[in-house]
2 protein chains.
Amino acid sequence: MKELLRTKGFKVTPQRELIFRSFFELGRHVTVDELYQKVREKDNSIGYSTVWRNLKLICRVGLAEEVNIGDGLTRYDRTTAAPHGHLFCRRCKKLLEFNVERIVGILAQAARENSFTLEGFKVEIQGLCEDCRRVPDRECDQGKAN
Amino acid sequence: MKELLRTKGFKVTPQRELIFRSFFELGRHVTVDELYQKVREKDNSIGYSTVWRNLKLICRVGLAEEVNIGDGLTRYDRTTAAPHGHLFCRRCKKLLEFNVERIVGILAQAARENSFTLEGFKVEIQGLCEDCRRVPDRECDQGKAN
DNA sequence: GCGACAAATGAAAACGACTTTCATTTTCAA
DNA sequence: TTGAAAATGAAAGTCGTTTTCATTTGTCGC
Ligand SMILES: [Mn+2]
Ligand SMILES: [Mn+2]
Ligand SMILES: [Zn+2]
Ligand SMILES: [Zn+2]
(Lines give C-alpha, C1' and ligand atoms only; values in the text may rest on other atoms or scores of the structure.)
(Ligands and ions follow the chains in the order given, each with its own letter.)
Protein backbone atom coordinates (compact mmCIF):
# COMPACT_ATOMS: atom_id res chain seq x y z
CA MET A 1 0.00 0.00 0.00
CA LYS A 2 2.56 2.53 1.11
CA GLU A 3 4.77 0.92 -1.45
CA LEU A 4 2.23 1.36 -4.20
CA LEU A 5 1.91 5.01 -3.36
CA ARG A 6 5.60 5.77 -3.08
CA THR A 7 6.30 3.80 -6.20
CA LYS A 8 3.92 6.02 -8.12
CA GLY A 9 5.48 9.10 -6.60
CA PHE A 10 2.88 9.98 -3.99
CA LYS A 11 3.72 10.83 -0.43
CA VAL A 12 2.43 8.88 2.50
CA THR A 13 0.80 11.03 5.14
CA PRO A 14 -1.06 9.96 8.26
CA GLN A 15 -4.26 11.37 6.82
CA ARG A 16 -3.76 9.46 3.61
CA GLU A 17 -3.13 6.22 5.42
CA LEU A 18 -6.22 6.63 7.53
CA ILE A 19 -8.35 7.52 4.54
CA PHE A 20 -7.14 4.60 2.46
CA ARG A 21 -7.59 2.17 5.32
CA SER A 22 -11.06 3.44 6.12
CA PHE A 23 -12.11 3.26 2.50
CA PHE A 24 -11.38 -0.43 2.35
CA GLU A 25 -13.04 -1.05 5.69
CA LEU A 26 -16.27 0.44 4.47
CA GLY A 27 -18.28 -1.72 2.10
CA ARG A 28 -18.57 -1.03 -1.58
CA HIS A 29 -19.99 2.09 -3.30
CA VAL A 30 -18.79 4.63 -0.79
CA THR A 31 -19.71 8.30 -1.08
CA VAL A 32 -17.36 11.11 -0.11
CA ASP A 33 -19.50 11.96 2.86
CA GLU A 34 -19.72 8.42 4.10
CA LEU A 35 -15.98 8.11 4.06
CA TYR A 36 -15.59 11.57 5.53
CA GLN A 37 -17.80 10.61 8.47
CA LYS A 38 -16.00 7.34 8.98
CA VAL A 39 -12.61 9.01 8.91
CA ARG A 40 -13.74 11.72 11.29
CA GLU A 41 -14.47 9.14 13.95
CA LYS A 42 -10.76 8.47 14.11
CA ASP A 43 -9.41 11.94 13.41
CA ASN A 44 -11.79 14.84 13.45
CA SER A 45 -9.25 17.28 12.15
CA ILE A 46 -9.21 15.82 8.65
CA GLY A 47 -10.82 18.07 6.09
CA TYR A 48 -13.46 17.16 3.58
CA SER A 49 -11.27 18.15 0.66
CA THR A 50 -8.51 15.85 1.83
CA VAL A 51 -10.92 12.96 1.85
CA TRP A 52 -12.18 13.93 -1.56
CA ARG A 53 -8.71 14.26 -3.01
CA ASN A 54 -7.62 10.93 -1.66
CA LEU A 55 -10.68 9.24 -3.04
CA LYS A 56 -9.67 10.61 -6.40
CA LEU A 57 -6.17 9.31 -5.75
CA ILE A 58 -7.47 5.87 -4.90
CA CYS A 59 -9.06 5.88 -8.34
CA ARG A 60 -5.94 7.24 -9.98
CA VAL A 61 -3.82 4.38 -8.70
CA GLY A 62 -6.43 1.93 -9.91
CA LEU A 63 -7.86 0.71 -6.62
CA ALA A 64 -11.35 2.04 -7.21
CA GLU A 65 -13.49 3.74 -9.74
CA GLU A 66 -16.24 6.27 -9.73
CA VAL A 67 -19.79 5.06 -10.09
CA ASN A 68 -22.40 7.49 -11.27
CA ILE A 69 -25.98 6.43 -11.08
CA GLY A 70 -28.39 9.18 -11.93
CA ASP A 71 -28.94 10.38 -8.38
CA GLY A 72 -26.39 13.14 -8.24
CA LEU A 73 -24.03 11.36 -5.85
CA THR A 74 -20.69 9.95 -6.91
CA ARG A 75 -19.84 6.65 -5.31
CA TYR A 76 -16.43 5.03 -5.18
CA ASP A 77 -16.31 1.35 -5.93
CA ARG A 78 -13.33 -0.88 -5.26
CA THR A 79 -12.09 -2.31 -8.53
CA THR A 80 -13.01 -5.94 -9.03
CA ALA A 81 -11.23 -8.62 -10.99
CA ALA A 82 -14.23 -9.14 -13.24
CA PRO A 83 -16.40 -6.23 -14.35
CA HIS A 84 -19.89 -6.11 -12.93
CA GLY A 85 -23.16 -4.34 -13.38
CA HIS A 86 -25.33 -2.61 -10.81
CA LEU A 87 -28.87 -3.06 -9.59
CA PHE A 88 -30.01 0.23 -8.11
CA CYS A 89 -33.07 0.40 -5.89
CA ARG A 90 -34.77 3.72 -6.46
CA ARG A 91 -36.40 3.54 -3.07
CA CYS A 92 -33.65 2.70 -0.59
CA LYS A 93 -30.75 3.56 -2.89
CA LYS A 94 -29.24 0.15 -2.23
CA LEU A 95 -26.75 -0.98 -4.86
CA LEU A 96 -26.38 -4.66 -5.69
CA GLU A 97 -23.99 -6.13 -8.22
CA PHE A 98 -24.40 -8.71 -10.90
CA ASN A 99 -22.26 -10.54 -13.37
CA VAL A 100 -21.91 -9.11 -16.85
CA GLU A 101 -19.74 -11.73 -18.51
CA ARG A 102 -22.43 -12.52 -21.02
CA ILE A 103 -22.77 -8.86 -21.91
CA VAL A 104 -19.22 -7.65 -22.44
CA GLY A 105 -18.87 -9.49 -25.72
CA ILE A 106 -22.00 -7.91 -27.07
CA LEU A 107 -20.77 -4.49 -26.04
CA ALA A 108 -17.39 -5.02 -27.64
CA GLN A 109 -19.12 -5.89 -30.86
CA ALA A 110 -21.43 -2.91 -30.66
CA ALA A 111 -18.39 -0.68 -30.25
CA ARG A 112 -16.71 -2.33 -33.20
CA GLU A 113 -19.76 -1.90 -35.40
CA ASN A 114 -19.76 1.80 -34.60
CA SER A 115 -16.03 2.32 -35.11
CA PHE A 116 -15.84 3.18 -31.47
CA THR A 117 -12.85 2.54 -29.24
CA LEU A 118 -14.29 0.94 -26.14
CA GLU A 119 -12.62 2.22 -22.99
CA GLY A 120 -15.26 1.36 -20.44
CA PHE A 121 -18.90 0.58 -20.02
CA LYS A 122 -21.75 0.77 -17.59
CA VAL A 123 -24.60 -1.65 -17.19
CA GLU A 124 -27.24 -0.69 -14.72
CA ILE A 125 -30.66 -1.92 -13.74
CA GLN A 126 -33.05 0.39 -11.97
CA GLY A 127 -35.98 -0.86 -9.99
CA LEU A 128 -37.07 -2.03 -6.57
CA CYS A 129 -35.20 -4.40 -4.32
CA GLU A 130 -36.90 -7.26 -2.58
CA ASP A 131 -37.41 -5.38 0.68
CA CYS A 132 -38.77 -2.24 -0.90
CA ARG A 133 -41.16 -4.07 -3.15
CA ARG A 134 -43.05 -5.32 -0.11
CA VAL A 135 -43.83 -1.87 1.17
CA PRO A 136 -46.43 -0.15 -1.04
CA ASP A 137 -45.32 3.10 -2.53
CA ARG A 138 -47.29 5.74 -0.64
CA GLU A 139 -45.07 8.53 -1.94
CA CYS A 140 -45.31 8.86 -5.72
CA ASP A 141 -42.39 11.25 -6.03
CA GLN A 142 -43.46 11.84 -9.60
CA GLY A 143 -46.37 13.95 -8.51
CA LYS A 144 -44.71 17.33 -8.21
CA ALA A 145 -46.35 19.81 -10.55
CA ASN A 146 -43.77 22.60 -10.36
CA MET B 1 -50.23 16.73 -28.77
CA LYS B 2 -52.50 19.40 -27.33
CA GLU B 3 -54.94 16.58 -26.83
CA LEU B 4 -52.42 14.52 -24.92
CA LEU B 5 -51.70 17.44 -22.63
CA ARG B 6 -55.28 18.42 -21.99
CA THR B 7 -56.26 14.82 -21.50
CA LYS B 8 -53.71 14.52 -18.74
CA GLY B 9 -54.88 17.75 -17.19
CA PHE B 10 -52.16 20.12 -18.32
CA LYS B 11 -52.80 23.49 -19.84
CA VAL B 12 -51.68 24.42 -23.31
CA THR B 13 -49.80 27.69 -23.37
CA PRO B 14 -47.97 29.31 -26.28
CA GLN B 15 -44.66 28.79 -24.48
CA ARG B 16 -45.43 25.15 -23.92
CA GLU B 17 -46.36 24.61 -27.54
CA LEU B 18 -43.18 26.26 -28.75
CA ILE B 19 -41.04 24.30 -26.32
CA PHE B 20 -42.60 20.97 -27.20
CA ARG B 21 -42.35 21.65 -30.90
CA SER B 22 -38.74 22.80 -30.66
CA PHE B 23 -37.78 19.78 -28.61
CA PHE B 24 -38.90 17.44 -31.33
CA GLU B 25 -37.25 19.52 -34.03
CA LEU B 26 -33.89 19.23 -32.32
CA GLY B 27 -32.15 15.91 -32.64
CA ARG B 28 -31.84 13.42 -29.82
CA HIS B 29 -30.17 13.92 -26.44
CA VAL B 30 -31.07 17.54 -25.93
CA THR B 31 -29.78 19.50 -22.96
CA VAL B 32 -31.82 22.17 -21.22
CA ASP B 33 -29.53 24.86 -22.55
CA GLU B 34 -29.65 23.61 -26.10
CA LEU B 35 -33.41 23.69 -26.06
CA TYR B 36 -33.42 27.02 -24.26
CA GLN B 37 -31.24 28.52 -27.00
CA LYS B 38 -33.38 27.05 -29.73
CA VAL B 39 -36.57 28.28 -28.17
CA ARG B 40 -35.14 31.74 -27.63
CA GLU B 41 -34.61 32.15 -31.34
CA LYS B 42 -38.36 32.16 -31.71
CA ASP B 43 -39.37 33.87 -28.49
CA ASN B 44 -36.69 35.52 -26.43
CA SER B 45 -39.00 36.21 -23.56
CA ILE B 46 -39.26 32.60 -22.49
CA GLY B 47 -37.50 31.86 -19.24
CA TYR B 48 -35.01 29.11 -18.58
CA SER B 49 -37.13 27.63 -15.84
CA THR B 50 -40.09 27.33 -18.15
CA VAL B 51 -37.99 25.35 -20.58
CA TRP B 52 -36.69 23.20 -17.77
CA ARG B 53 -40.15 22.55 -16.37
CA ASN B 54 -41.55 21.64 -19.74
CA LEU B 55 -38.72 19.26 -20.42
CA LYS B 56 -39.67 17.56 -17.18
CA LEU B 57 -43.24 17.56 -18.36
CA ILE B 58 -42.30 15.97 -21.65
CA CYS B 59 -40.80 13.17 -19.61
CA ARG B 60 -43.78 12.99 -17.31
CA VAL B 61 -46.16 12.40 -20.19
CA GLY B 62 -43.84 9.73 -21.53
CA LEU B 63 -42.48 11.42 -24.64
CA ALA B 64 -38.87 11.51 -23.46
CA GLU B 65 -36.63 10.39 -20.70
CA GLU B 66 -33.64 11.76 -18.92
CA VAL B 67 -30.25 10.43 -19.86
CA ASN B 68 -27.46 10.79 -17.36
CA ILE B 69 -24.01 9.99 -18.50
CA GLY B 70 -21.38 10.82 -15.95
CA ASP B 71 -20.60 14.29 -17.28
CA GLY B 72 -22.89 16.33 -15.11
CA LEU B 73 -25.29 17.28 -17.88
CA THR B 74 -28.78 15.87 -18.09
CA ARG B 75 -29.92 15.17 -21.61
CA TYR B 76 -33.46 14.53 -22.74
CA ASP B 77 -33.98 11.69 -25.14
CA ARG B 78 -37.13 11.08 -27.10
CA THR B 79 -38.59 7.74 -26.13
CA THR B 80 -38.04 5.08 -28.73
CA ALA B 81 -40.11 2.05 -29.57
CA ALA B 82 -37.22 -0.29 -28.83
CA PRO B 83 -34.83 0.42 -25.98
CA HIS B 84 -31.29 1.37 -26.94
CA GLY B 85 -27.87 1.82 -25.42
CA HIS B 86 -25.48 4.71 -25.73
CA LEU B 87 -21.96 5.10 -27.02
CA PHE B 88 -20.47 8.19 -25.39
CA CYS B 89 -17.32 9.78 -26.75
CA ARG B 90 -15.36 11.20 -23.86
CA ARG B 91 -13.66 13.64 -26.17
CA CYS B 92 -16.35 15.31 -28.24
CA LYS B 93 -19.27 14.25 -26.03
CA LYS B 94 -21.03 12.82 -29.05
CA LEU B 95 -23.71 10.28 -28.20
CA LEU B 96 -24.45 7.39 -30.56
CA GLU B 97 -27.04 4.74 -30.04
CA PHE B 98 -26.95 1.01 -30.45
CA ASN B 99 -29.34 -1.87 -30.28
CA VAL B 100 -29.67 -3.73 -27.00
CA GLU B 101 -32.10 -6.46 -27.97
CA ARG B 102 -29.59 -9.14 -27.16
CA ILE B 103 -28.99 -7.65 -23.74
CA VAL B 104 -32.45 -7.04 -22.33
CA GLY B 105 -33.08 -10.72 -21.75
CA ILE B 106 -29.89 -11.07 -19.80
CA LEU B 107 -30.79 -8.07 -17.71
CA ALA B 108 -34.25 -9.37 -17.01
CA GLN B 109 -32.75 -12.58 -15.79
CA ALA B 110 -30.20 -10.79 -13.62
CA ALA B 111 -33.02 -8.85 -12.02
CA ARG B 112 -34.97 -12.03 -11.44
CA GLU B 113 -32.00 -13.76 -9.86
CA ASN B 114 -31.64 -10.88 -7.44
CA SER B 115 -35.34 -10.63 -6.57
CA PHE B 116 -35.29 -7.23 -8.13
CA THR B 117 -38.22 -5.61 -9.89
CA LEU B 118 -36.79 -4.26 -13.10
CA GLU B 119 -38.21 -0.87 -13.98
CA GLY B 120 -35.55 0.39 -16.32
CA PHE B 121 -31.97 -0.05 -17.32
CA LYS B 122 -29.03 1.74 -18.78
CA VAL B 123 -26.37 0.33 -21.05
CA GLU B 124 -23.56 2.64 -21.92
CA ILE B 125 -20.23 2.38 -23.65
CA GLN B 126 -17.57 5.00 -23.01
CA GLY B 127 -14.69 5.56 -25.35
CA LEU B 128 -13.59 7.43 -28.41
CA CYS B 129 -15.54 7.91 -31.59
CA GLU B 130 -14.02 7.38 -34.97
CA ASP B 131 -13.25 11.07 -35.54
CA CYS B 132 -11.69 11.64 -32.15
CA ARG B 133 -9.55 8.55 -32.30
CA ARG B 134 -7.63 10.04 -35.22
CA VAL B 135 -6.52 13.08 -33.30
CA PRO B 136 -3.88 12.14 -30.71
CA ASP B 137 -4.74 12.96 -27.17
CA ARG B 138 -2.39 15.84 -26.27
CA GLU B 139 -4.34 16.65 -23.11
CA CYS B 140 -4.17 13.84 -20.53
CA ASP B 141 -6.86 15.27 -18.29
CA GLN B 142 -5.86 12.71 -15.68
CA GLY B 143 -2.70 14.56 -14.85
CA LYS B 144 -4.04 17.07 -12.39
CA ALA B 145 -2.29 16.67 -9.03
CA ASN B 146 -4.67 18.74 -6.91
C1' DG C 1 -68.56 36.70 -22.83
C1' DC C 2 -67.53 36.73 -17.65
C1' DG C 3 -65.37 35.78 -13.59
C1' DA C 4 -63.02 32.30 -10.53
C1' DC C 5 -59.19 29.66 -9.63
C1' DA C 6 -55.79 26.53 -10.43
C1' DA C 7 -51.91 26.17 -13.26
C1' DA C 8 -48.12 28.25 -15.73
C1' DT C 9 -44.65 31.67 -16.29
C1' DG C 10 -40.20 34.41 -15.58
C1' DA C 11 -36.77 36.39 -12.67
C1' DA C 12 -34.25 35.68 -9.07
C1' DA C 13 -32.55 33.23 -5.40
C1' DA C 14 -31.42 28.80 -3.30
C1' DC C 15 -29.42 24.42 -3.47
C1' DG C 16 -25.80 21.07 -3.20
C1' DA C 17 -22.24 18.18 -4.73
C1' DC C 18 -18.12 18.91 -6.47
C1' DT C 19 -13.77 21.45 -7.27
C1' DT C 20 -10.33 24.98 -6.66
C1' DT C 21 -7.64 28.33 -4.19
C1' DC C 22 -4.33 29.66 -0.97
C1' DA C 23 -1.66 29.95 3.14
C1' DT C 24 0.55 26.66 5.91
C1' DT C 25 2.47 22.24 7.13
C1' DT C 26 4.67 17.98 6.04
C1' DT C 27 7.15 14.50 3.49
C1' DC C 28 11.24 12.67 1.63
C1' DA C 29 15.27 12.52 -1.51
C1' DA C 30 19.67 14.44 -1.78
C1' DT D 1 19.66 18.42 7.83
C1' DT D 2 17.48 20.96 4.43
C1' DG D 3 14.95 22.61 0.44
C1' DA D 4 11.70 21.62 -3.17
C1' DA D 5 7.54 19.52 -4.06
C1' DA D 6 3.47 17.69 -2.44
C1' DA D 7 -0.29 17.45 0.90
C1' DT D 8 -3.49 19.51 4.00
C1' DG D 9 -7.64 22.22 5.79
C1' DA D 10 -10.62 26.09 5.54
C1' DA D 11 -12.90 28.77 2.79
C1' DA D 12 -14.64 30.24 -1.35
C1' DG D 13 -16.01 29.25 -6.11
C1' DT D 14 -18.44 26.64 -9.71
C1' DC D 15 -22.30 25.24 -12.20
C1' DG D 16 -26.28 22.63 -13.41
C1' DT D 17 -30.41 21.99 -11.23
C1' DT D 18 -34.44 23.19 -8.50
C1' DT D 19 -37.44 26.21 -5.83
C1' DT D 20 -39.68 30.47 -4.58
C1' DC D 21 -42.83 34.03 -5.35
C1' DA D 22 -45.31 37.66 -7.52
C1' DT D 23 -47.76 37.96 -11.68
C1' DT D 24 -50.11 36.34 -15.74
C1' DT D 25 -52.87 33.12 -18.27
C1' DG D 26 -55.76 29.07 -19.63
C1' DT D 27 -59.86 26.54 -18.69
C1' DC D 28 -64.32 25.58 -17.07
C1' DG D 29 -68.96 26.54 -15.37
C1' DC D 30 -72.18 29.96 -15.73
MN1 LIG E 1 -20.06 -2.01 -7.80
MN1 LIG F 1 -30.61 7.87 -26.87
ZN1 LIG G 1 -34.72 -0.98 -1.80
ZN1 LIG H 1 -15.66 12.02 -30.43
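If you're wondering where the values come from, they're calculated on a predicted model, not measured in any experiment. Below, chains carry the letters A, B, ... as their sequence lines are ordered, and counting in each starts from 1.
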- Message: Tell me if a side-chain donor or acceptor on A:Thr50 pairs with a main-chain N or O of A:Ile46 at a distance below 3.5 Å.
- Response: no
- Atom CG of B:Leu55 to atom C1' of C:dG10: distance rounded to whole Å? 17 Å
- What closest approach, in Å, do B:Phe98 and A:Ala110 show between heavy atoms, and which atom pair accounts for it? CD1-CB, 3.5 Å
- Message: Without decimals, in angstroms, what is the distance between A:Asn54 CG and D:dG9 C1'?
- Response: 12 Å
- Message: Any salt bridge linking A:Glu17 with A:Lys2? Criterion: basic side-chain nitrogen under 4.0 Å from a carboxylate oxygen.
- Response: yes
- Query: Hey, is the main chain of B:Arg78 close enough, under 3.5 Å, to the side chain of B:Arg28 for a donor-acceptor pair?
  - Reply: yes
- Please work out which residues in residues 2-25 of chain B have a non-hydrogen atom less than 4.0 Å from an atom of DNA chain C and list them by number. B:Phe10, B:Lys11, B:Thr13, B:Gln15, B:Arg16
- Item | Under the side chain to side chain donor-acceptor pair (under 3.5 Å) test, residues paired with A:Asn114 that sit two or more places apart | none
- Any A:Lys56 side-chain N or O less than 4.0 Å from OP1/OP2 of C:dT19: yes
- Task: Can you sort out which residues in residues 61-76 of chain A have a heavy atom within less than 4.0 Å of DNA chain D? Ascending by number, please.
- Result: none
- Item | A:Lys94 bridged to A:Asp131 by N-O distance under 4.0 Å | yes
- Query: Could you state the CH2-P distance from B:Trp52 to D:dT18, rounded to the nearest angstrom?
  - Reply: 5 Å
- Do A:Thr50 side-chain and D:dA7 base share a donor-acceptor contact under 3.5 Å? no
- Considering only NZ, NE, NH1 and NH2 on the basic side and carboxylate oxygens on the acidic side, decide whether B:Lys38 and B:Glu25 come within less than 4.0 Å. yes
- With A:His29, which of A:Lys93, A:Glu34, A:His86 fulfils side chain to side chain donor-acceptor pair (under 3.5 Å)? A:His86
- Listed in order of residue number, which residues of residues 31-46 of chain B have a non-hydrogen atom at under 4.0 Å from DNA chain C? B:Ser45, B:Ile46
- side chain to side chain contact (heavy atoms under 4.5 Å, CB included) filter on A:Leu63, not counting sequence neighbours, yields A:Met1, A:Leu4, A:Phe20, A:Phe24, A:Ile58, A:Val61
- Contacts of B:Glu65 that satisfy salt bridge (charged side-chain N to carboxylate O under 4.0 Å, His left out) - sequence neighbours left out: none
- Item | d(CG, B:Leu57; C1', C:dT9) in whole Å | 13 Å
- Query: Are B:Glu119 and A:Arg90 close enough for a salt bridge, meaning some N to O gap below 4.0 Å?
  - Reply: yes
- Let me know, please, whether B:Tyr48 or A:Gly47 comes out on the 5' side of the other along DNA chain D by nearest nucleotide. A:Gly47
